[in-house]
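The analysis underlying the following values was restricted to heavy atoms, covering all of them including side chains, and did not include hydrogens, waters or symmetry mates.
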There are 2 protein chains.
Amino acid sequence: MKSKITVMLVDDHAVVRAGYRLLLSGTPNIEVVGEAERGEEACQLYADTRPDVIVMDLSLPGIGGLASIRRIRSRDTSARILVFSIHDELIYVVRALEAGARGYITKSCAPEILVEAVARIASGESFLEPEIAQRLAMQTLGGAEATTALNTLSAREFDVFLLLAKGYTTREVAEELRLGYKTVANYSTLIKSKLGVNTTAEMARLAYQNGIFKT
Amino acid sequence: MKSKITVMLVDDHAVVRAGYRLLLSGTPNIEVVGEAERGEEACQLYADTRPDVIVMDLSLPGIGGLASIRRIRSRDTSARILVFSIHDELIYVVRALEAGARGYITKSCAPEILVEAVARIASGESFLEPEIAQRLAMQTLGGAEATTALNTLSAREFDVFLLLAKGYTTREVAEELRLGYKTVANYSTLIKSKLGVNTTAEMARLAYQNGIFKT
DNA sequence: GATCCGTCGGGAATATCTCCCTGTCACAAG
DNA sequence: CTTGTGACAGGGAGATATTCCCGACGGATC
């Protein structure tokens with residue numbers, strides 16, 4: 001008989017881990033052999049148990065998910081990590097893959113996808129949630145690099161973007177940058193159009209989600 | 001033989017719901033009789049199935065968790081709702097209880113707590129996660145309002161605040177909450193005045209700084 | 001009953017946004 | 001040298017949005 005796929009779960013929410021454990025354990029050839037709730041803990045536990053696959057959330061207390069991935073991979077480049085995150089923004093996907101993850105799925109995917117992803121990662125393949133893979137492909141085709149849409153902004157546009165996102169009024173931005181009110185108003189419209197948002201509040205949200213502001 | 005406790009799950013992530021379903025179904029006297037992923041859907045489903053307990057996430061697409069709670073309770077004041085949120089900030093707890101929730105636990109609690117909470121809520125009691133209950137008591141004792149200025153907002157104002165901060169336009173907020181455009185516009189002005197900000201982007205910033213949004 | 005307060009919106013003046021357009025400058029390709 | 005191209009800066013006009021002031025209603029509270 002073939003041996004089971006061993007899996008380690010990393011998520012800071014115990015209830016969530018328990019749910020996944022049940023989901024995965026319902027599959028005969030998968031066995032959850034360890035759980036961690038912090039990045040540091042995960043590194044240690046991986047070194048000790050060497051599971052086939054690590055299923056990891058990105059928003060971890062402490063060093064965070066990305067740093068955890070890098071740390072684990074720096075000690076064992078064959079480590080297979082599947083990111084299982086709440087975020088579906090491409091920038092997260094790109095960063096996770098850059099860090100060394102083998103797969104990425106979101107928590108809004110169907111339960112079967114999780115099981116499938118674990119199996120594929122274990123067999124050495126990579127796995128992206130289909131909808132994300134498609135968007136990633138679209139974006140890669142559309143632009144040169146991992147374009148966060150923010151990268152499509154010119155320098156001046158980005159200046160305006162930052163201040164608006166911070167909560168400056170159009171008039172305040174104009175003063176700050178020594179521009180005419182109309183100029184800033186026009187930039188504002190242009191930026192929203194480029195970013196595909198309707199309000200400045202949504203711009204702020206983009207800024208936070210891309211980690212442009214600390215907190 | 002005593003009949004089972006019927007439970008309805010409301011969470012926008014299918015995988016997460018699946019996990020909870022397994023967790024709860026593992027307990028003999030609990031039965032999950034329905035699932036919804038949006039607030040509107042939850043209201044309808046509750047009206048149709050009348051489960052003993054609703055287990056609900058707060059961050060739902062559309063009208064959001066708080067408005068959902070209020071809507072359900074406005075049609076059936078005996079509805080028993082257990083909020084199961086990722087947020088542990090007290091402001092969420094207070095808001096949820098004000099809206100009519102009977103209990104509040106976070107996703108970082110132990111799995112047994114979920115089962116216990118459901119049982120307690122079903123029996124008519126209320127239930128707060130111990131750690132939260134303690135912090136709530138501390139704050140209340142502390143006397144000095146740990147007023148984030150956000151606490152000066154009324155329930156309705158907070159609804160509008162949340163959506164505006166999320167990036168909704170005035171018109172979209174009006175639709176979501178079924179209010180007149182003018183009403184929302186007036187609320188918007190009032191809220192900005194109460195919070196001492198000039199733009200909706202600054203509202204968004206406040207929201208992020210108070211940990212109201214996940215990212 | 002009188003008085004707040006929260007909720008919901010109308011009206012009118014004002015501010016802002018959007019869309020289209022002009023013009024300059026720098027820089028690169030033909 | 002000429003011809004793009006694209007960032008940069010703003011004007012004009014009309015559409016939208018915001019502000020401020022107001023009335024109305026239902027609940028509390030005193």
Distance test, side-chain N/O of [X] to OP1/OP2 of [N], below 4.0 Å:
{"X": "T183(B)", "N": "dG9(C)", "value": "yes"}
{"X": "Y181(A)", "N": "dG11(D)", "value": "no"}
{"X": "T170(A)", "N": "dC17(C)", "value": "yes"}
{"X": "K182(A)", "N": "dT16(C)", "value": "no"}

Looking at [X] and [Y], would you say the former's side chain and the latter's main chain have a donor-acceptor pair under 3.5 Å?
{"X": "E129(B)", "Y": "T106(B)", "answer": "yes"}
{"X": "R205(A)", "Y": "K166(B)", "answer": "yes"}
{"X": "E116(B)", "Y": "I113(B)", "answer": "no"}

Mark yes or no: R120(B) above the aromatic ring of F127(B), with NZ or CZ under 6.0 Å from the six-membered ring centre and no more than 45 degrees from the axis. no
Between [atom2] of [N] and [atom1] of [X], the distance in whole Å:
{"X": "L153(B)", "N": "dT7(C)", "atom1": "CG", "atom2": "C1'", "answer": "14 Å"}
{"X": "Y187(B)", "N": "dT19(D)", "atom1": "OH", "atom2": "C1'", "answer": "16 Å"}
{"X": "K192(B)", "N": "dA15(C)", "atom1": "NZ", "atom2": "C1'", "answer": "11 Å"}
{"X": "L190(B)", "N": "dC8(C)", "atom1": "CG", "atom2": "P", "answer": "13 Å"}
{"X": "L164(A)", "N": "dT16(C)", "atom1": "CG", "atom2": "C1'", "answer": "12 Å"}
{"X": "N198(B)", "N": "dC20(D)", "atom1": "CG", "atom2": "P", "answer": "10 Å"}
{"X": "F158(B)", "N": "dC5(C)", "atom1": "CZ", "atom2": "C1'", "answer": "20 Å"}

Minimum-distance nucleotide (side-chain atoms of A185(B) versus dC8(C), dC19(C), dT18(D)): dT18(D)
T189(B) side chain, from C-beta outward: closest of dC17(C), dT19(D), dC8(D): dT19(D)
Can you find a donor-acceptor pair, distance only, under 3.5 Å between N186(B) side chain and dC8(C) base? no
Tightest non-hydrogen contact, residues L82(A) and I105(A), listed as CD2-CD1, 4.2 Å
Does R171(A) reach a base, just sugar-phosphate, or nothing at all? Heavy atoms under 4.0 Å. sugar-phosphate
